[in-house]
Amino acid sequence: MDVKILSFDKVSNKIIFSEKAAGDAEVEQKALNYTVGQKVKGKITGIVDFGLFVNIGDIEGLVHISQASWQRINDLKDHFQVGQEVDAEVVSVDGGRISLSIKKLLPDHGRSKPRTWLLVTRLKVKLLRLPHTGLR
């Protein structure tokens, strides 16, 4: 078992150690292998109200519910299953935490289409003042 010494007091002969903290250092080291913008494949290992836990090999990342789809999702269990393979993009690496986005790899139907505007009404206006920068 690996442990990390958190504190040592010679006077009282006390040592405080943590098994979890030793694991955290290992996870942080593994997280350094990932960079923002990197595309990864993984398997969903858990579904919770706020997101999806995805195993991307040697570490687990989180897809927040807002990063799962361009459409609003109320219940992730209606759209995803544990064991499902997903493609994602790394959006942040903070210590041992990796945040992922599935929607960044999906087309954004609301923004990718060029918008066209129809001229519906013509207005006759009186120009009161013209700024020195002109009209835009």
Side-chain angles (χ1 to χ4, degrees):
M1 167 179 12
D2 291 331
V3 296
K4 181 177 182 178
I5 296 174
L6 299 178
S7 69
F8 174 68
D9 185 3
K10 277 186 174 182
V11 176
S12 62
N13 237 4
K14 283 188 180 179
I15 298 176
I16 299 175
F17 60 91
S18 169
E19 184 178 4
K20 183 183 178 298
D24 289 348
E26 184 180 327
V27 170
E28 286 180 19
Q29 190 63 34
K30 288 179 181 179
L32 294 175
N33 296 329
Y34 297 92
T35 58
V36 173
Q38 181 179 351
K39 291 168 183 48
V40 294
K41 284 184 181 287
K43 270 192 181 173
I44 297 174
T45 57
I47 302 174
V48 292
D49 291 341
F50 56 86
L52 306 167
F53 288 100
V54 179
N55 184 320
I56 55 174
D58 55 349
I59 195 167
E60 199 167 62
L62 174 70
V63 178
H64 188 268
I65 190 169
S66 66
Q67 294 296 316
S69 174
W70 288 106
Q71 285 74 37
R72 182 174 175 84
I73 293 180
N74 292 322
D75 189 358
L76 288 164
K77 292 178 183 172
D78 293 340
H79 301 274
F80 300 96
Q81 298 174 4
V82 172
Q84 178 181 345
E85 290 209 6
V86 293
D87 293 326
E89 182 176 316
V90 177
V91 291
S92 77
V93 179
D94 182 21
R97 294 182 180 196
I98 296 182
S99 297
L100 304 170
S101 174
I102 294 173
K103 79 177 186 180
K104 282 196 163 208
L105 300 180
L106 300 173
D108 178 5
H109 296 291
R111 296 182 187 173
S112 60
K113 293 180 184 174
R115 294 185 181 195
T116 57
W117 300 95
L118 297 175
L119 181 61
V120 177
T121 306
R122 288 185 179 211
L123 298 173
K124 195 171 194 174
V125 297
K126 181 179 178 183
L127 187 61
L128 299 176
R129 185 175 51 153
L130 182 64
H132 72 279
T133 56
L135 295 176
R136 294 178 197 216

#### Entry: Pairs touching residues 75-87 that satisfy salt bridge (Lys or Arg N to Asp or Glu O under 4.0 Å), sequence neighbours left out
Lys41-Asp87
### Task
Tell me, please, which residues at least two apart from His64 pass side-chain hydrogen bond (donor to acceptor under 3.5 Å, both in side chains).
Ser66
### Query
Rounded to the nearest 0.5 Å, how far apart are NZ of Lys10 and CD1 of Ile15?
11.0 Å
### Query
Closest heavy-atom contact between Leu100 and Ala88?
CB-CB, 4.0 Å
### Message
To check you understand the geometry: which heavy-atom pair defines the closest contact between Ala31 and Gly95, and what is its length?
### Response
CB-O, 3.4 Å
#### Entry: Atom NZ of Lys103 with >12 non-hydrogen neighbours under 6.0 angstrom
yes
### Query
Can you check whether Thr35 reaches Val90 side chain to side chain, under 4.5 Å on heavy atoms?
no
### Task
Output the rest of the hydrophobic cluster of Leu105: all Ile, Leu, Val, Met, Phe, Trp and Tyr residues reachable through side-chain heavy-atom contacts under 4.5 Å, sorted by chain and number.
none
### Message
Can you tell me how far apart CD (Gln84) and CD1 (Ile44) are? Round to the nearest 0.5 Å.
### Response
4.5 Å
#### Entry: side-chain hydrogen bond (donor to acceptor under 3.5 Å, both in side chains) partners of Asn13, counting only residues at least two apart
none
### Query
With a 4.5 Å limit on heavy-atom distance, are the side chains of Asn33 and Asp58 in contact?
yes
### Query
What about Ile59 and Val86, same hydrophobic cluster or not, with Ile/Leu/Val/Met/Phe/Trp/Tyr joined at side-chain heavy-atom distances under 4.5 Å?
yes
### Query
Where do Gln67 and Ser101 come nearest, in terms of heavy atoms and distance?
OE1-OG, 2.7 Å
### Message
If I take atom CD from residue Gln38 and atom CD from residue Glu89, how far apart are they, to the nearest 0.5 angstrom?
### Response
9.5 Å
### Query
Do you know which two heavy atoms are closest between Ile73 and Ala68, and how far apart they sit?
CD1-CB, 4.1 Å
#### Entry: Reported NZ-to-CD1 distance for the pair Lys30 and Ile56, which is rounded to 0.5 angstrom
11.0 Å
### Summary
For Leu62, the other hydrophobic cluster members (4.5 Å side-chain criterion, sorted by chain and number) are Val48, Phe50, Phe53
### NE2 on His79 to CD1 on Ile65, rounded to 0.5 Å
8.5 Å
### Query
Taking atom CG of Leu76 and atom OG of Ser69, what is their separation to the nearest 0.5 Å?
9.5 Å
#### Entry: Common cluster, Val40/Val93, ILVMFWY with side-chain heavy-atom separation under 4.5 Å
yes
### side-chain hydrogen bond (donor to acceptor under 3.5 Å, both in side chains) contacts in which one or both residues fall within residues 44-56, not counting sequence neighbours
Thr45-Glu60
